[in-house]
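Structure record follows, encoded as structure tokens.
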There are 2 protein chains.
Amino acid sequence: MNKLQYTRENLADTLRRHGINPTHQRIEIAHALFSRQAHLSADQVMAIVNEKHSETSKATVYNTLNLFRQKKLVREVIVDPSKVFYDPNMEPHYHIYNLESGELTDIDASSVRISGLPQLPGGVVAEGMDVVIRVRPESDNNS
Amino acid sequence: MNKLQYTRENLADTLRRHGINPTHQRIEIAHALFSRQAHLSADQVMAIVNEKHSETSKATVYNTLNLFRQKKLVREVIVDPSKVFYDPNMEPHYHIYNLESGELTDIDASSVRISGLPQLPGGVVAEGMDVVIRVRPESDNNS
DNA sequence: GATGAAAATTAGACAGAGTCCAATTCCTAC
DNA sequence: GTAGGAATTGGACTCTGTCTAATTTTCATC
Ligand SMILES: [Mn+2]
Ligand SMILES: [Mn+2]
Ligand SMILES: [Zn+2]
Ligand SMILES: [Zn+2]
């Protein structure tokens with residue numbers, strides 16, 4: 001499925017293919033997301049990118065993640081009311097969200113069949129569908 | 001479907017049935033949500049409850065909405081990264097979210113059929129499933 | 001009706017995510 | 001190497017939501 005290594009060179013090409021000028025900061029942010037194939041918050045991206053030596057500002061992290069989203073290089077996952085997650089997996093897929101741990105897991109969409117959705121109201125076009133299964137550890141009476 | 005009027009008296013009974021002590025503030029907050037049958041943010045609830053004369057603090061609005069959620073009187077809808085919506089409709093249903101206007105519309109779940117979802121990982125139990133169709137006005141190249 | 005304890009409410013300080021802006025730095029084309 | 005547009009930066013700012021200690025309300029018991 002993932003044919004190529006996430007080297008800086010390959011990532012720069014990917015950025016160019018998405019119409020994004022591949023700067024040093026942008027490549028590092030892309031590397032953080034793609035090499036891990038994980039759902040990361042802006043804060044987590046910031047920490048990863050600056051762990052060796054500080055080199056990318058908060059403003060740039062937010063600017064870049066929004067740019068990536070606009071250019072459809074990553075998608076946003078809105079499940080935690082306190083922060084957005086960024087997902088480098090653009091294949092159609094759904095999520096399991098553990099309310100206790102905050103852990104976010106992918107569900108492959110190819111096996112899932114959804115039918116009976118109504119017509120959309122006029123004048124709008126669907127941009128995507130999010131499916132989130134909220135789960136809790138067994139026998140947990142809280143929150 | 002909604003057999004009874006949302007009078008303060010009936011709402012007080014509903015609160016009691018959910019194990020919630022029906023105080024003046026809690027009844028007003030319930031009334032804001034149920035009489036409108038709308039998806040409201042904490043801020044909107046606050047504005048409605050205080051529009052005649054200020055009588056409910058921000059802390060109480062947040063406390064009460066969280067209490068209602070715990071007691072399963074309302075549900076949270078997480079679609080806007082900047083705020084949570086509270087939904088008095090506890091019937092299984094899904095949502096259409098207009099990314100441009102922020103408008104949130106219900107989709108009746110009874111006609112929707114979802115199959116092929118994988119087994120949940122062990123040790124967790126599903127608390128619910130959220131389905132959100134993100135839409136945009138036709139021919140809108142932005143955001 | 002007074003008394004006291006538990007429950008609820010409150011103002012305002014606080015925290016964290018995300019945005020904005022003006023100043024600086026970086027790239028690229030000449 | 002110069003000019004100009006693009007990108008980055010620190011830090012102030014906004015907004016949603018939480019926390020806390022003080023006050024008010026509720027309610028059972030005398
Ligand atoms: Mn570096
Ligand atoms: Mn009133
Ligand atoms: Zn994912
Ligand atoms: Zn709804």
Side-chain angles (χ1 to χ4, degrees), chain A residues 8 11-12 15-16 18-32 39-50 53-71 73-74 76-87 99 102 104 142-143, chain B residues 8 11-12 15-16 18-32 39-50 53-71 73-86 99 102 104 142-143:
Chain A
R8 265 76 176 169
L11 286 168
L15 295 194
R16 271 183 220 102
H18 282 79
I20 299 165
N21 193 357
T23 65
H24 178 69
Q25 286 90 335
R26 287 168 178 176
I27 291 170
E28 290 304 317
I29 291 171
H31 188 257
H39 308 94
L40 300 179
S41 66
D43 230 42
Q44 291 175 308
V45 169
M46 177 98 174
I48 291 166
V49 160
N50 288 330
H53 49 286
S54 180
E55 58 182 311
T56 306
S57 70
K58 184 170 64 145
T60 296
V61 170
Y62 279 97
N63 287 345
T64 300
L65 290 171
N66 279 319
L67 179 66
F68 284 5
R69 176 183 47 74
Q70 277 170 38
K71 298 296 192 179
L73 183 63
V74 304
E76 281 183 354
V77 184
I78 318 281
V79 281
D80 182 328
S82 77
K83 61 170 77 83
V84 171
F85 288 102
Y86 291 88
D87 189 345
L99 292 157
L104 198 52
N142 355 349
S143 203
Chain B
R8 266 73 178 173
L11 286 167
L15 296 192
R16 272 184 218 99
H18 282 79
I20 300 165
N21 194 356
T23 66
H24 178 68
Q25 286 90 336
R26 287 168 179 175
I27 290 169
E28 289 304 316
I29 290 170
H31 187 258
H39 308 93
L40 300 179
S41 66
D43 230 42
Q44 291 175 305
V45 169
M46 177 99 175
I48 291 166
V49 159
N50 288 332
H53 49 286
S54 179
E55 56 181 312
T56 305
S57 70
K58 183 170 65 148
T60 296
V61 170
Y62 279 98
N63 287 345
T64 299
L65 291 171
N66 279 319
L67 178 66
F68 284 5
R69 176 182 48 73
Q70 278 171 38
K71 299 294 192 179
L73 183 62
V74 305
R75 65 153 94 179
E76 283 183 355
V77 184
I78 317 281
V79 281
D80 182 327
S82 77
K83 62 170 78 83
V84 171
F85 287 103
Y86 292 88
L99 292 157
L104 197 53
N142 358 350
S143 202

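We name chains A, B, ... by the order of the sequence lines, and we start the count at 1 in each one.
- Remark on DNA chain D: of its neighbouring residues A:S57 and B:N21, the 5'-side contact belongs to A:S57, judged by nearest-heavy-atom nucleotide.
- The distance from the OH atom of B:Y86 to the CD atom of B:E76 is 4.5 Å, given to the nearest 0.5 Å.
- Taking OG1 of B:T23 as the reference point, atom CD of B:E28 lies at 9.5 Å (rounded to 0.5 Å).
- When all heavy atoms are compared, the tightest approach of B:V49 to B:A32 is CG2-CB, 4.3 Å.
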- Note on the structure: Quick tally for nucleotides 14-23 of chain D: nucleotides whose base has a protein heavy atom under 4.0 Å get B, sugar-phosphate-only ones S, the rest -, giving --SBBB----
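- For the pair B:R26 CZ and D:dT26 C1', the interatomic distance rounds to 12 Å; values are reported in whole Å.
- Nucleotide D:dT25 holds its P atom 16 Å from the CD atom of B:E28, rounded to whole Å.
- In this structure a side-chain-to-backbone donor-acceptor pair under 3.5 Å is present from A:R26 to A:N21.
- Between A:H24 atom NE2 and D:dT8 atom P there is a gap of 10 Å when expressed in whole angstrom units.
- Atom C1' of nucleotide D:dT8 and atom CD1 of A:I20 are separated by 16 Å, given to the nearest angstrom.
- Rounding to the nearest 0.5 Å places OG1 of B:T56 at 5.5 Å from CD1 of B:I29.
- Note: CD (A:E55) to C1' (D:dG10) measures 17 Å, nearest angstrom.
- Rounded to whole Å, atom P of D:dG10 lies 10 Å from atom CD of A:Q25.
- Contact between A:V74 and A:L65 at its shortest, heavy atoms only, is CG2-O, 4.3 Å.
- You can see that DNA chain C meets the heavy atoms of chain B within a 4.0 Å-exclusive cut from C:dA8 to C:dA13, reading 5' to 3'.
- If you check every strand for non-hydrogen atoms under 4.0 Å, A:T60 touches a base.
- For the pair B:L15 CG and D:dT26 C1', the computed distance is 16 Å after rounding to whole Å.
- When every heavy atom of A:P22 is checked against every heavy atom of A:I27, the shortest pair comes out as O-CD1, 3.8 Å.
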- Query: Should B:I78 and A:V79 be marked as a side-chain contact (heavy atoms from CB on, under 4.5 Å) after you check the CA-CA gap, both sets of side-chain angles, and the distance that decides it?
  - Reply: CA-CA 6 Å; B:I78 317 281; A:V79 281; 5.6 Å; no
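- Atoms CD and NZ, from B:Q44 and B:K83 in turn, are 7.0 Å apart once rounded to the nearest 0.5 Å.
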